[in-house]
Amino acid sequence: MIQDRLANLIKQAYTAAFSDEERDKISADEIQIETPSNPEHGDFACNIAMQLAGELGANPRQIAEELIANLPADSLVRRVEVAGPGFINFHLSPQWLYEVLANCLSQGEVYGCSNVGAGQKVQVEFVSANPVGPIHIGNARGGPFGDTLANLLETAGYEVQREYYLNDAPSNTQLQIFGASVQSRYLQQLGEEVDFPEEGYHGDYVVEVAQELVDEYGEKYRDVPRNTEGALFFFDLVKDRMIEQLRSDCAAMGISFDVWFSETKLHEEGLVQQQIDQLLKSGAAYEKDGAVWLRTGQYGDEEDRVLVRRDGAPTYIASDIAYAADKFYTRGFDRVIYVWGPDHFGYVPRMKAALAAMGIGIERAEFIIYQTVRFLEGGKPLSLSKRRGDIITIRELIEDIGRDAVRFFFLMRSVDAHLDFDLDLARQQSAENPVYYVQYAHTRLCGILREAEEAGYLGDAVAGQGCSSHGKKEADLSLLTHPDELALLRKLADYPAEVLRATQELSPHRLPHFARELAQAVHQFYTNCRVLDCNNPELSRARLKLVKGARIVLANILGLMGITALERM
RNA sequence: GCGCCUGUAGCUCAGUGGAUUAGAGCACCGGACUUCGGAUCCGGGUGUCGGGGGUUCGAAUCCCUCCAGGCGCGCCA
């Protein structure tokens with residue numbers, strides 16, 4: 001990237017201008033090359049002189065002058081100047097943008113990729129909703145987020161695995177309640193007047209699942225006792241259906257997991273007990289009041305937490321410890337990213353403490369808590385509860401506004417921010433959706449390329465046919481001088497750094513914003529720069545290159561977001 | 001009560017140490033096409049960046065404090 005090239009120039013100038021002693025004051029890695037918001041301030045700027053001023057106790061403008069005096073020559077750098085309090089502004093030759101375009105065209109779908117990950121193994125665990133109902137709009141946010149984050153990490157050269165953690169262990173009280181709900185509905189279908197569990201799941205899908213059981217088994221399970229065992233029995237009857245439902249719901253969002261990891265497996269293989277024994281042995285856990293406790297209080301948590309209840313059942317954190325051991329030890333991930341819903345917020349400190357107690361460096365685990373999504377309908381917030389049954393499934397939402405729009409909207413906001421989702425607006429305005437704006441830009445470029453091919457602009461056409469007498473000469477990119485052409489080229493140039501930043505900051509929400517800006521540059525170019533022009537074949541060919549490059553970048557960023565790049569709409 | 005997230009234009013939100021004019025979309029008003037798809041483009045903004053204090057050459061951004069909204073604080077997951 002050009003930024004690296006400029007930073008390297010500064011680094012060389014810095015080495016030349018200052019003594020070793022002074023040089024130690026700041027590390028060369030800290031050189032930041034940024035894009036000035038005001039174009040008059042050049043194509044790139046560096047603030048190193050101001051940073052050095054504090055360290056060296058010298059005038060920042062003077063430092064900047066010295067750096068510039070020692071700056072090696074570079075064919076792409078046309079002018080360098082000190083500005084304002086001590087910025088070093090780089091004014092580049094337009095040639096750099098043409099090189100960017102050539103680079104983009106030759107790289108194609110890998111334009112924007114990097115190797116900062118260097119093959120490190122990263123796991124992204126997300127969604128992981130309990131298998132007690134379909135994915136719905138309340139727990140779906142982590143889906144597009146985690147999937148796009150995984151895409152970004154892959155782009156940056158990490159080896160990525162997408163994982164869904166299935167809380168299917170019998171000790172999960174949610175499962176017991178759900179199983180009891182299914183059992184009640186089953187008996188009701190058989191004509192019995194039974195009460196419904198107080199905290200039960202009221203969704204229609206429970207009735208449907210119960211109906212399936214009646215269809216399949218008839219009255220066979222009428223006499224199953226109505227207790228915990230019975231509830232778990234009913235859960236087992238429907239478990240596979242529930243998981244299949246989750247799988248297909250995720251698929252509907254365009255998400256496919258590499259691994260569906262079963263909590264039950266951890267128990268069955270004795271891994272939970274194994275970890276508990278280990279922690280007891282190492283002293284990180286102890287027995288008190290008939291329960292087993294983990295010394296999370298010593299590792300940053302507010303207090304110690306129970307690992308094994310007095311009744312002998314392991315708590316969820318015991319499972320998660322075994323699960324973490326599997327991730328970090330057995331499968332050897334360098335990094336694990338947990339994407340959790342807001343209800344898990346209070347769980348982060350104890351999980352970190354647990355990892356610390358296990359001797360796993362907490363820098364290897366990252367916890368991302370996405371904030372709640374508030375859905376508005378008729379101007380009022382919906383109160384959605386899985387248990388009351390007034391849910392909107394992700395499928396219904398996708399049917400309403402389409403998968404692409406669903407993904408785009410969920411991605412649009414920072415996960416730290418609460419997301420307001422106006423359902424009326426999403427339905428009514430589907431044609432005004434920003435995702436259409438971006439997709440339309442791609443479509444328009446495809447239209448030009450189709451047209452160019454038919455009219456013989458693309459290279460090999462026979463001379464004398466229509467507008468095609470251009471031979472095979474290389475396009476002269478230096479003909480691209482229109483402000484809208486330069487602005488679009490600049491967007492293409494900015495793309496790799498943007499992808500890198502979104503990856504490093506784990507901020508997929510930067511992508512929809514950048515995509516919209518890129519689309520805007522495309523639409524402006526389209527409006528003001530006629531591409532196919534018989535009277536100006538040289539310019540046409542240069543512009544066709546730009547069209548191809550812009551299409552590539554649009555397709556790449558849409559691909560990262562898991563949104564289709566349409567050739568026609 | 002404690003902890004975390006959030007507070008930026010009418011609405012929804014970017015920007016999280018940089019440039020005496022803090023940006024975008026939506027909404028609203030007014031314009032633009034005899035040629036590549038008008039799902040487009042152009043123009044129109046008097047904002048206490050929640051309030052106050054501090055750090056810094058420089059603060060929407062960092063620190064302290066207060067206010068408001070959301071969420072979390074179980075031998076539930």
Side-chain angles (χ1 to χ4, degrees), chain A residues 32 34 36-38 40-41 45 47 50-51 53-54 59-61 83-87 89 128 130 132 167 169 171-177 199 263 289-293 302-303 305-317 319-320 341-350 369-372 374 376 412-422 425 429-434 436-437 439-441 443-452 454-455 457 484 505 509-510 512-514 516-517 519-520 522-534 540 543-544 547 568-569:
Chain A
Q32 296 168 15
E34 50 198 29
S37 50
N38 185 342
E40 289 174 19
H41 296 138
N47 64 354
M50 275 110 78
Q51 291 179 317
N59 181 322
R61 287 194 63 104
F87 287 100
N89 290 345
S128 299
N130 284 342
V132 294
N167 291 106
S171 57
N172 183 340
T173 50
Q174 299 304 316
L175 300 190
Q176 295 167 14
I177 293 168
E199 295 289 307
E263 181 186 0
D289 302 336
V292 178
W293 299 69
E302 292 169 357
E303 54 191 333
R305 305 288 172 179
V306 171
L307 275 181
V308 182
R309 291 187 238 154
R310 202 177 305 167
D311 64 10
T315 60
Y316 54 93
I317 198 166
S319 296
D320 273 339
D343 52 334
H344 279 65
F345 185 75
Y347 191 46
V348 174
R350 74 191 66 171
I369 304 291
Y370 59 85
Q371 295 298 316
T372 44
R374 198 167 56 138
L376 306 168
M412 237 171 18
R413 308 299 181 217
S414 157
V415 283
D416 287 338
H418 304 262
L419 173 59
D420 265 7
F421 204 125
D422 188 329
L425 206 67
Q429 295 201 325
S430 59
E432 296 296 318
N433 226 303
Y436 289 88
Y437 183 83
Q439 287 177 311
Y440 184 49
T443 299
R444 282 181 128 180
L445 298 179
C446 289
I448 294 176
L449 293 172
R450 267 198 309 273
E451 181 71 20
E454 285 165 18
Y457 279 89
D484 290 329
E505 295 179 1
H509 76 276
R510 302 188 68 90
H513 287 276
F514 186 84
R516 216 205 54 76
E517 289 171 8
Q520 184 172 39
V522 167
H523 286 307
Q524 287 169 352
F525 162 75
Y526 184 96
T527 303
N528 297 320
C529 301
R530 171 78 200 181
V531 175
L532 304 179
D533 182 359
C534 287
S540 287
R543 284 182 169 171
L544 273 170
V547 167
R568 291 188 164 88
M569 291 172 71

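These values consider heavy atoms only, across backbone and side chains, with no hydrogens, waters or symmetry-generated copies.
Using a 4.0 Å heavy-atom distance criterion, A:S319 is classed as making no nucleic acid contact. Backbone-only contact: A:P342 has heavy atoms under 4.0 Å from sugar-phosphate atoms and none from a base. Across all strands shown, A:D289 has heavy atoms under 4.0 Å from base atoms, whether or not it also approaches the sugar-phosphate. Counting any heavy atom pair closer than 4.0 Å across all strands shown, A:C446 reaches no nucleic acid atom. Using a 4.0 Å heavy-atom distance criterion, A:A313 is classed as making no nucleic acid contact. As judged by a 4.0 angstrom heavy-atom cut-off over every strand, A:H523 is placed among residues touching the sugar-phosphate backbone only. Among the atoms of the strands shown, only primed sugar atoms or phosphate atoms (P, OP1, OP2) are found under 4.0 Å from some heavy atom of A:A417. As judged by a 4.0 angstrom heavy-atom cut-off over every strand, A:D343 is placed among the base-contacting residues. Contact annotation for A:A83: base contact, defined as any heavy-atom pair under 4.0 Å involving a base atom. Contact annotation for A:R310: base contact, defined as any heavy-atom pair under 4.0 Å involving a base atom.
Comparing the C1' positions of B:G47 and B:U21 gives an interatomic distance of 13 Å, to the nearest angstrom. Only the P atoms considered, B:G53 is 26 Å distant from B:U46, to the nearest whole Å. Rounded to a whole angstrom, the distance from the C1' atom of B:G31 to that of B:A22 is 28 Å. Look at the C1' atom in both B:A9 and B:C4: the space between them is 28 Å, to the nearest Å. Taking atom P in both B:U40 and B:C26, the straight-line distance is 8 Å, to the nearest Å. Going from the C1' atom of B:G7 to that of B:U12 covers 14 Å, rounded to whole Å. Comparing the P positions of B:A60 and B:C49 gives an interatomic distance of 8 Å, to the nearest angstrom. To the nearest whole angstrom, the two P atoms, one in B:C64 and one in B:A27, are 41 Å apart.
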What's the verdict on side chain to side chain contact (heavy atoms under 4.5 Å, CB included) for A:V547 and A:Y526, showing C-alpha distance, side-chain angles and the deciding distance? CA-CA 9 Å; A:V547 167; A:Y526 184 96; over 6 Å; no
A:V415 and A:H509: side chain to side chain contact (heavy atoms under 4.5 Å, CB included), yes or no, with the steps? CA-CA 8 Å; A:V415 283; A:H509 76 276; over 6 Å; no
Please test A:R444 against A:V522 for side chain to side chain contact (heavy atoms under 4.5 Å, CB included), starting from the C-alpha separation and ending with a verdict. CA-CA 9 Å; A:R444 282 181 128 180; A:V522 167; 5.6 Å; no
Kindly determine whether A:F87 and A:N47 satisfy side chain to side chain contact (heavy atoms under 4.5 Å, CB included), including the steps that lead there. CA-CA 5 Å; A:F87 287 100; A:N47 64 354; 4.1 Å; yes
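Across all non-hydrogen atoms, the minimal contact from A:I317 to A:V306 is CG2-O, 3.7 Å. Residues A:F345 and A:P349 come closest through the heavy atom pair O-CD, 3.8 Å.
Distances shorter than 4.0 Å separate some side-chain N or O of A:R309 from OP1 or OP2 on B:A77. A:Y347 has no side-chain polar atom (N or O) that falls below the 4.0 Å cut-off from OP1 or OP2 of B:C73. An OP1 or OP2 oxygen of B:A14 is reached within less than 4.0 angstrom by no side-chain nitrogen or oxygen of A:R516. Proximity of A:Y437 to the phosphate of B:C41: a side-chain N or O atom is located under 4.0 Å from OP1 or OP2. Between A:Q524 and the phosphate of B:C42, there is a side-chain N or O to OP1/OP2 separation shorter than 4.0 Å. Within the structure, a side-chain polar atom (N or O) of A:Q520 is placed less than 4.0 Å from OP1 or OP2 of B:G25.
Side-chain N/O atoms of A:N167 and A:Y316 include no donor and acceptor closer than 3.5 Å. Side chains of A:D484 and A:N528: a donor on one and an acceptor on the other come within 3.5 Å.
Checking B:G37, B:A14, B:C41 against the side-chain heavy atoms of A:R444 singles out B:G37 as nearest. When distances run from any side-chain atom of A:H509 to the nucleotides B:G37, B:G15, B:A19, the shortest one goes to B:G15. Across B:C75, B:C36, B:C5, the shortest atom-to-atom separation from the side chain of A:Q371 is found for B:C5. Minimum atom distance to the side chain of A:H418 is reached by B:G70, of the listed B:G70, B:G18, B:A14. For A:M569, taking side-chain heavy atoms from C-beta onward, the closest of the listed nucleotides B:U12, B:U35, B:A39 is B:A39. The side chain of A:V531 approaches B:C36 more closely than any other nucleotide in the set B:C36, B:C75, B:A14.
The partner of B:G58 is absent, by the rule that a Watson-Crick or G-U pair needs both atom distances under 3.5 Å. Nucleotide B:G7 forms a pair with B:C67, judged by Watson-Crick or G-U wobble geometry with both contacts under 3.5 Å. Pairing partner, B:C2: B:G72, with both Watson-Crick or wobble hydrogen-bond distances short of 3.5 Å. Across all strands shown, B:U20 remains unpaired; no Watson-Crick or G-U wobble contact has both distances below 3.5 Å. Applying the Watson-Crick and G-U wobble criteria (two distances, each under 3.5 Å), B:A32 pairs with B:U40.
Atom NE2 of A:H513 is separated from atom C1' of B:U8 by 14 Å (rounded to the nearest Å). Separating the CZ atom of A:F345 from the P atom of B:C71 is a distance of 14 Å, rounded to the nearest angstrom. B:U35 atom P lies 14 Å from atom CD1 of A:I448, rounded to whole Å. One atom, CG of A:N47, and another, P of B:G17, lie 11 Å apart when rounded to the nearest Å. In this structure, A:I369 places its CD1 atom 13 Å from P of B:U6, rounding to the nearest Å. Remark: P of B:C75 and CD of A:E303 are 8 Å apart, rounded to the nearest angstrom. As rounded to whole Å, 14 Å separates atom P of B:C4 from atom CG of A:D416. Between the OH atom of A:Y526 and the C1' atom of B:A32 there is a distance of 15 Å, rounded to whole Å.
For B:A77, its base never sits under 3.5 Å from the side chain of A:D320 at any donor and acceptor pair.
Heavy-atom contacts from other residues, nucleotides or ligands closer than 6.0 Å to CD of A:E302 number 12 or fewer.
A distance cut-off of 5.5 Å between ring centres, combined with a plane angle under 30°, leaves A:Y440 outside any stacking arrangement with the base of B:G37. Under the stacking definition used here (centres under 5.5 Å, planes under 30°), the residue A:H41 qualifies as stacked on the base of B:A19.
A 4.5 Å side-chain heavy-atom check between A:H513 and A:R510 finds every atom pair outside the cut-off.
The residue among A:A519 and A:F525 whose nearest nucleotide of RNA chain B lies closer to the 5′ end is A:F525. Position along RNA chain B of the nearest nucleotide to A:R510 versus A:T372 favours A:R510 as the more 5'-ward residue.
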